[in-house]
Amino acid sequence: ALDASVFDHLHKIRKLSLNGNSLSSAPINKKIFSKLRVLVELDMSFVAIEKLEMGIFSGLTRLVSLNLSINNLNSLHSDLFNGLTNLKDLCLSNNRISSLKKGIFRGLTNLRRLSLDHNQIGLLETDTFNDTINLNDIQLSYNDNLNLENLNMLFLKCKKLMCVQFSDDQINDSKRKLFQKTYTHI
């Protein structure tokens with residue numbers, strides 16, 4: 001397990017990669033990144049984490065890129081990304097996420113790219129992406145349980161959306177036509 005103060009002396013670091021380091025043995029202390037106030041890029045991919053403590057990213061207001069892909073995350077706190085107002089790229093691909101809690105993307109108005117592919121997401125609430133008004137690109141492929149009944153309502157506030165990626169078998173012709181009719185700018 002990593003000591004909560006392991007990165008305290010690196011207060012000027014802008015990029016941190018923990019990629020490939022197994023961190024699954026114990027929960028990561030929520031204060032571990034608290035001194036990294038100028039951190040812009042954090043890569044926690046392929047570290048075998050199952051859970052992230054609420055508040056673990058608190059204070060990382062300059063963070064632009066966060067990679068949490070290829071882990072064992074299945075649930076995310078609704079306020080996990082709270083305060084990450086400069087975040088532009090969030091990668092949650094290749095996890096076990098089955099649902100996204102209401103408000104999970106609250107305040108992420110600068111988010112441009114969101115990768116949620118290769119998870120187990122079922123239902124997406126119609127207001128899931130309301131705060132992601134600058135979203136350009138979202139990856140939703142290979143979420144085999146994804147319910148797209150409200151597809152035409154999901155991205156109404158995402159006026160800059162250019163790319164939405166689904167797997168071939170996720171969307172039928174009638175949903176595709178409705179989606180294209182609703183989102184003519186994509």
Side-chain angles (χ1 to χ4, degrees), residues 4 7 11 13-18 27-45 47 49-69 71 73-117 119-140 143 146 150-165 182-183 185-186:
F7 301 122
H11 59 275
I13 196 165
R14 295 180 46 82
K15 293 183 180 184
L16 178 62
S17 177
L18 301 173
I28 300 171
N29 189 297
K30 71 179 185 177
K31 296 192 184 270
I32 198 162
F33 304 121
S34 64
K35 304 280 186 187
L36 305 180
R37 299 288 182 188
V38 296
L39 193 65
V40 174
E41 187 176 314
L42 178 58
D43 184 351
M44 293 178 66
S45 62
V47 294
I49 49 176
E50 296 177 9
K51 183 179 178 184
L52 290 167
E53 296 293 322
M54 193 165 65
I56 192 167
F57 303 121
S58 292
L60 299 181
T61 56
R62 295 187 185 185
L63 199 64
V64 171
S65 177
L66 178 58
N67 187 346
L68 297 168
S69 66
N71 282 298
L73 297 169
N74 59 24
S75 178
L76 304 171
H77 290 283
S78 61
D79 290 329
L80 184 63
F81 306 116
N82 195 24
L84 300 182
T85 55
N86 286 309
L87 196 64
K88 291 182 180 176
D89 189 357
L90 177 58
C91 186
L92 294 163
S93 300
N94 293 284
N95 277 288
R96 297 178 180 168
I97 300 167
S98 58
S99 66
L100 297 170
K101 292 186 171 60
K102 187 176 178 91
I104 186 74
F105 303 120
R106 186 180 310 119
L108 299 185
T109 56
N110 286 310
L111 195 64
R112 304 282 192 278
R113 182 182 165 143
L114 178 59
S115 300
L116 292 164
D117 52 292
N119 277 290
Q120 299 166 4
I121 298 171
L123 179 67
L124 291 170
E125 301 288 330
T126 54
D127 58 353
T128 300
F129 303 107
N130 278 3
D131 280 12
T132 60
I133 57 173
N134 286 303
L135 195 63
N136 297 119
D137 182 355
I138 185 165
Q139 307 294 319
L140 287 164
N143 282 286
L146 190 58
N150 59 356
L151 179 61
N152 64 320
M153 303 298 287
L154 277 177
F155 308 109
L156 286 178
K157 302 223 174 160
C158 304
K159 301 296 184 195
K160 296 183 179 180
L161 195 60
M162 299 300 288
C163 178
V164 180
Q165 187 169 347
T182 305
Y183 304 103
H185 65 283
I186 298 178

Novice: With a 4.5 Å heavy-atom cut-off, do Leu87 and Phe57 have their side chains touching?
Specialist: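 SC-SC contact between Leu87 and Phe57 ruled out.
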Novice: Enter the distance from Ile28:CD1 to Leu18:CG here, rounded to the nearest 0.5 Å.
Specialist: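 Result: 7.5 Å between the selected atoms.
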Novice: How long is the span from the CG atom in Leu39 to the OG1 atom in Thr61, to the nearest 0.5 Å?
Specialist: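 It comes to 10.5 Å.
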Novice: Restricting to non-hydrogen atoms, name the atom on Asn71 and the atom on Val47 that form the minimum distance, rounded to 0.1 Å.
Specialist: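 So the minimum-distance heavy-atom pair works out to OD1-N, 3.0 Å.
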Novice: Quick one: does any side-chain atom of Asn110 pair with a main-chain N or O of Lys88 as donor and acceptor, under 3.5 Å?
Specialist: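 No, because the side chain of Asn110 does not come within donor-acceptor range (under 3.5 Å) of the backbone of Lys88.
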Novice: For the pair Asp127 (side chain) and Lys102 (backbone), establish whether a donor and an acceptor sit closer than 3.5 Å, ignoring hydrogens and angles.
Specialist: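 Not a single qualifying donor-acceptor pair exists.
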Novice: State, with a plain yes or no, whether a side-chain heavy atom of Leu146 is found less than 4.5 Å away from one of Asn119.
Specialist: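 They are not in side-chain contact.
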Novice: Could you grab the distance from atom CZ of Phe129 to atom CD1 of Ile138, nearest 0.5 Å is fine?
Specialist: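 It is 3.5 Å, given to the nearest 0.5 Å.
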Novice: Can you measure from CZ (Phe155) to CG (Leu124) and round to the nearest 0.5 angstrom?
Specialist: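 Those atoms lie 7.0 Å apart.
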Novice: So Arg113 and Gln139, do their side chains get closer than 4.5 Å, heavy atoms only?
Specialist: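 Heavy-atom side-chain distance check passes, below 4.5 Å.
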Novice: Is the backbone N or O of Asn86 less than 3.5 Å from a side-chain atom of Arg62, with the two atoms forming a donor-acceptor pair by type?
Specialist: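 Checking the backbone N and O of Asn86 against the side chain of Arg62, no donor-acceptor pair under 3.5 Å is found.
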Novice: Strictly distance-based, threshold 3.5 Å: is any side-chain N or O of Asn95 a donor or acceptor partner for the main-chain N or O of Leu68?
Specialist: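 The answer is yes, because a donor-acceptor pair under 3.5 Å joins these two groups.
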Novice: Closest approach of Arg37 and Ser58, non-hydrogen atoms and distance?
Specialist: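 It is NH1-O, 4.4 Å.
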Novice: Show your reasoning for whether side-chain contact (heavy atoms from CB on, under 4.5 Å) applies to Asp117 and Gln165.
Specialist: CA-CA 9 Å; Asp117 52 292; Gln165 187 169 347; over 6 Å; no
Novice: How long is the straight-line distance from CG of Asn82 back to CE of Met54, given to the nearest 0.5 Å?
Specialist: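 Rounded to the nearest 0.5 Å, the CE-CG separation comes out at 9.0 Å.
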Novice: Run the side-chain contact (heavy atoms from CB on, under 4.5 Å) check on Leu42 and Phe33 step by step: do they pass?
Specialist: CA-CA 10 Å; Leu42 178 58; Phe33 304 121; 4.0 Å; yes
Novice: Is a salt bridge present between Arg106 and Asp79, judged by a nitrogen-to-oxygen distance below 4.0 Å?
Specialist: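 Result for this pair is yes, salt bridge flagged.
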Novice: Go through the steps to decide whether Leu154 and Val164 satisfy the test side-chain contact (heavy atoms from CB on, under 4.5 Å), and finish with yes or no.
Specialist: CA-CA 11 Å; Leu154 277 177; Val164 180; over 6 Å; no
Novice: I would like to know whether Ser69 and Asn94 meet side chain to side chain donor-acceptor pair (under 3.5 Å); could you show each step before the answer?
Specialist: CA-CA 6 Å; Ser69 66; Asn94 293 284; 5.9 Å; no
Novice: Looking only at heavy atoms, what is the nearest atom pair of Asn134 and Lys160, with distance?
Specialist: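 Distance-wise, the nearest heavy atoms are OD1-NZ, 2.9 Å.
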Novice: Give the minimum heavy-atom separation between Leu36 and Phe7, together with the two atoms involved.
Specialist: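 The pair with the smallest heavy-atom distance is CD2-O, 3.5 Å.
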Novice: Might you work through the side-chain contact (heavy atoms from CB on, under 4.5 Å) test for Glu50 and Arg96, ending with a clear yes or no?
Specialist: CA-CA 9 Å; Glu50 296 177 9; Arg96 297 178 180 168; 6.0 Å; no
Novice: For residues Leu108 and Leu114, determine if any side-chain heavy atom of one lies less than 4.5 Å from a side-chain heavy atom of the other.
Specialist: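 Side-chain contact under 4.5 Å: no.
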Novice: Over all heavy atoms of both residues, which pair between Ile133 and Asn130 is shortest? Give the atoms and the distance, please.
Specialist: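 That would be CG2-O, 3.5 Å.
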Novice: Mark yes or no for whether Asn143, through its side chain, and Ile121, through its backbone, hold a donor-acceptor pair below 3.5 Å.
Specialist: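 Yes, because the side chain of Asn143 sits within donor-acceptor range (under 3.5 Å) of the backbone of Ile121.
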Novice: Measuring from Met44:CE to Leu66:CG, what's the distance to the nearest 0.5 Å?
Specialist: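 Nearest 0.5 Å value for the CE-CG distance: 8.0 Å.
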Novice: Can you give me the closest heavy-atom contact between Leu116 and Ser93, atom names plus distance?
Specialist: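 In terms of heavy atoms, the two residues are closest at N-OG, 4.2 Å.
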